[in-house]
S.K.: 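First the structure, then my questions, so here it is.
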Amino acid sequence: MNECTRIEVLGVPVDVVRPENLEDVIFSLYEKAGTKQIVFLSVWGLLKAKRNDVYMQCLKNAALVLPVSKSIVKGALFLKKQAPVRYNPFSTIISILTFLESRYKSIYLLGGKKSSLMDSERNIRATYPGLQIVGRYVGYYPKSVEKDIISAVYKSNPALVLIGDGIRHGETWAFENRNQFGTSFFVYYKDVLDILSVRKKRISKETFEKGREIWSEVIRNPLKIFLIFPYMWYKTLLLIWRLFK
């Protein structure tokens, strides 16, 4: 697709998609057979892929890998690659729900605690009346019921499976079970159901555009200040790749 170009940053796949082309790209991919995944890639996820083969394969097999960190955009430019567009995960999910409603598609909700899941379902029904919710299941479930969940997703074959917190292996869950699903898209964002249920505030547009969302996380969890060390390693890797690759 001309609207989507895959580049690599430190050997990790990243897709370049303009926001105005996102809808066309998603529905072009939707027409293809098999399980499809949209991954929101942070700089921490990029570093994880460098040391975790399963996550790296998940990214390489993903339909779309959309960067969420300014550092990835700057890293691509530093390596003289095409500049990717940075996406706000929650805002992008809202756009995807709008795309799906306009074509009367269906979704399946997976994850979160029962209260968050039920409130999210109610708010989605109120906001997107043309969007059919064909199933839901809470997170933090015992492993013994996972086969039933996979079977339910396969039988309902929604256009989108929206995955929140409490799912074993999180972002790689859909990839690890990809041969047991139909043609659905899978999108994982840990906070999505808590935000949809208004139990958690979304990052403001201004904060995201300035690349300051990390400070909100540090305020909630001061230990995240130590992310400065993997960030410096990322900068070092960029320099090494620029010089020797």
Side-chain angles (χ1 to χ4, degrees), residues 26 35-42 44-45 58 64 66 68 87-101 105-177 181 184-205 207-208 213-224:
I26 286 176
T35 299
K36 295 163 285 284
Q37 188 172 0
I38 298 174
V39 177
F40 296 114
L41 184 68
S42 67
W44 322 118
C58 173
L64 283 175
L66 302 177
V68 302
Y87 282 83
N88 181 320
F90 186 74
S91 297
T92 305
I93 288 171
I94 292 301
S95 295
I96 292 172
L97 293 178
T98 302
F99 300 158
L100 294 175
E101 186 197 25
K105 298 295 185 180
S106 60
I107 65 170
Y108 190 105
L109 303 176
L110 180 60
K113 296 181 179 178
K114 184 176 181 179
S115 54
S116 294
L117 183 64
M118 300 309 291
D119 286 347
S120 294
E121 179 178 358
R122 182 169 58 251
N123 291 338
I124 289 173
R125 288 188 188 279
T127 309
Y128 306 95
L131 194 59
Q132 184 182 7
I133 299 177
V134 294
R136 84 286 303 152
Y137 205 93
V138 296
Y140 307 99
Y141 52 78
K143 190 175 181 179
S144 59
V145 305
E146 188 159 272
K147 287 184 178 180
D148 294 333
I149 295 171
I150 292 172
S151 177
V153 172
Y154 172 76
K155 290 177 181 177
S156 58
N157 196 29
L160 172 69
V161 180
L162 190 56
I163 306 174
D165 199 14
I167 302 303
R168 198 183 311 274
H169 300 162
E171 208 156 29
T172 62
W173 182 82
F175 170 70
E176 292 171 1
N177 296 291
F181 298 120
S184 303
F185 263 108
F186 289 78
V187 176
Y188 170 84
Y189 179 46
K190 181 180 178 182
D191 297 330
V192 64
L193 296 174
D194 285 334
I195 298 175
L196 284 170
S197 64
V198 200
R199 281 175 165 73
K200 190 171 186 177
K201 287 185 177 180
R202 60 185 294 184
I203 297 169
S204 70
K205 182 179 179 180
T207 298
F208 183 81
E213 65 274 11
I214 183 61
W215 298 112
S216 300
E217 296 184 28
V218 170
I219 290 171
R220 290 199 298 267
N221 182 1
L223 291 176
K224 289 197 173 184

S.K.: Kindly indicate, with the supporting measurements, whether the criterion side chain to side chain contact (heavy atoms under 4.5 Å, CB included) is fulfilled by L196 and N123.
M.R.: CA-CA 7 Å; L196 284 170; N123 291 338; 5.7 Å; no
S.K.: Applying the ring-ring contact (aromatic ring centres under 6.0 Å, His included) criterion to F181, which one of W173, Y108, F175 satisfies it?
M.R.: W173
S.K.: Taking all atoms of both residues into account, what is the closest heavy-atom pair of V134 and P158, and its distance?
M.R.: CG2-CB, 3.8 Å
S.K.: Should Y137 and D148 be marked as a side chain to side chain contact (heavy atoms under 4.5 Å, CB included) after you check the CA-CA gap, both sets of side-chain angles, and the distance that decides it?
M.R.: CA-CA 10 Å; Y137 205 93; D148 294 333; over 6 Å; no
S.K.: Out of curiosity, S197 OG to E121 CD, how far, rounded to the nearest 0.5 Å?
M.R.: 12.5 Å
S.K.: If you compare all heavy atoms of K114 against all heavy atoms of V138, which two are closest, and at what distance to 0.1 Å?
M.R.: CA-CG1, 3.6 Å
S.K.: Can you list the steps and then say if L97 with L131 is a side chain to side chain contact (heavy atoms under 4.5 Å, CB included)?
M.R.: CA-CA 8 Å; L97 293 178; L131 194 59; 3.8 Å; yes
S.K.: Between E101 and G130, is there a donor-acceptor pair closer than 3.5 Å when you use the side chain of the first and the backbone of the second?
M.R.: yes
S.K.: Identify the two heavy atoms, one from L100 and one from A159, that lie closest to each other, and give their separation to 0.1 Å.
M.R.: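 Looks like CD2-CB, 4.0 Å.
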S.K.: Is there side-chain contact between R199 and S115, with at least one heavy-atom pair below 4.5 Å?
M.R.: yes
S.K.: For the CD1 atom of I149 and the CG atom of N177, what is their distance to the nearest 0.5 Å?
M.R.: 10.0 Å
S.K.: Taking C-beta and beyond as the side chain, do Y128 and I94 meet within less than 4.5 Å on heavy atoms?
M.R.: yes
S.K.: Indicate the atoms forming the closest heavy-atom contact of K200 with D191, along with that distance.
M.R.: NZ-OD1, 2.9 Å
S.K.: So do the side chains of I133 and R125 get within less than 4.5 Å of each other, counting heavy atoms only?
M.R.: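 Result yes, sub-4.5 Å side-chain heavy-atom pair found.
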S.K.: Output the distance between atom CG (L117) and atom CZ (R122), rounded to the nearest 0.5 Å.
M.R.: 11.0 Å
S.K.: Measuring only between side-chain heavy atoms, which start at C-beta, is Y87 closer than 4.5 Å to I38?
M.R.: no
S.K.: Could you walk me through whether V153 and F186 satisfy the side chain to side chain contact (heavy atoms under 4.5 Å, CB included) test, starting with their C-alpha distance in whole Å, then the side-chain angles of each, then the deciding distance to 0.1 Å, before giving a yes or no?
M.R.: CA-CA 11 Å; V153 172; F186 289 78; 4.1 Å; yes
S.K.: Just by distance, do the side chain of E171 and the backbone of L41 share a donor-acceptor pair under 3.5 Å?
M.R.: no
S.K.: Would you give the length of the straight line joining atom CD1 of I107 to atom CD of Q132, rounded to the nearest 0.5 angstrom?
M.R.: 10.0 Å
S.K.: Is there a side-chain contact between I93 and F40, using heavy atoms and a 4.5 Å cut-off?
M.R.: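 With C-beta onward as the side chain, the pair touches.
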S.K.: Between Y188 and T172, is any pair of side-chain heavy atoms under 4.5 Å apart?
M.R.: no
S.K.: Please round to the nearest 0.5 Å and tell me the distance separating atom CG of L162 and atom OG of S184.
M.R.: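 L162 atom CG to S184 atom OG measures 12.5 Å (nearest 0.5 Å).
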S.K.: Which heavy atom of L193 sits nearest a heavy atom of G112, and at what distance?
M.R.: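 Scanning both residues completely, I find the closest heavy atoms to be CD1-N, 3.9 Å.
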S.K.: Should we count OH of Y140 as having more than 12 external heavy atoms under 6.0 Å?
M.R.: yes
S.K.: Say whether, by atom type as modelled, one donor and one acceptor occur between the side chain of S116 and the main chain of D194 under 3.5 angstrom.
M.R.: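 Flag not set: sc S116 to bb D194 has no pair under 3.5 Å.
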S.K.: If you round to the nearest 0.5 Å, how far is CG of D165 from NZ of K113?
M.R.: 8.5 Å
S.K.: Taking the side chain as C-beta and beyond, is there a heavy-atom pair between T92 and V68 under 4.5 Å?
M.R.: no
S.K.: Please name the pair of heavy atoms, one in T35 and one in A174, separated by the smallest distance, quoted to 0.1 Å.
M.R.: CG2-O, 4.5 Å
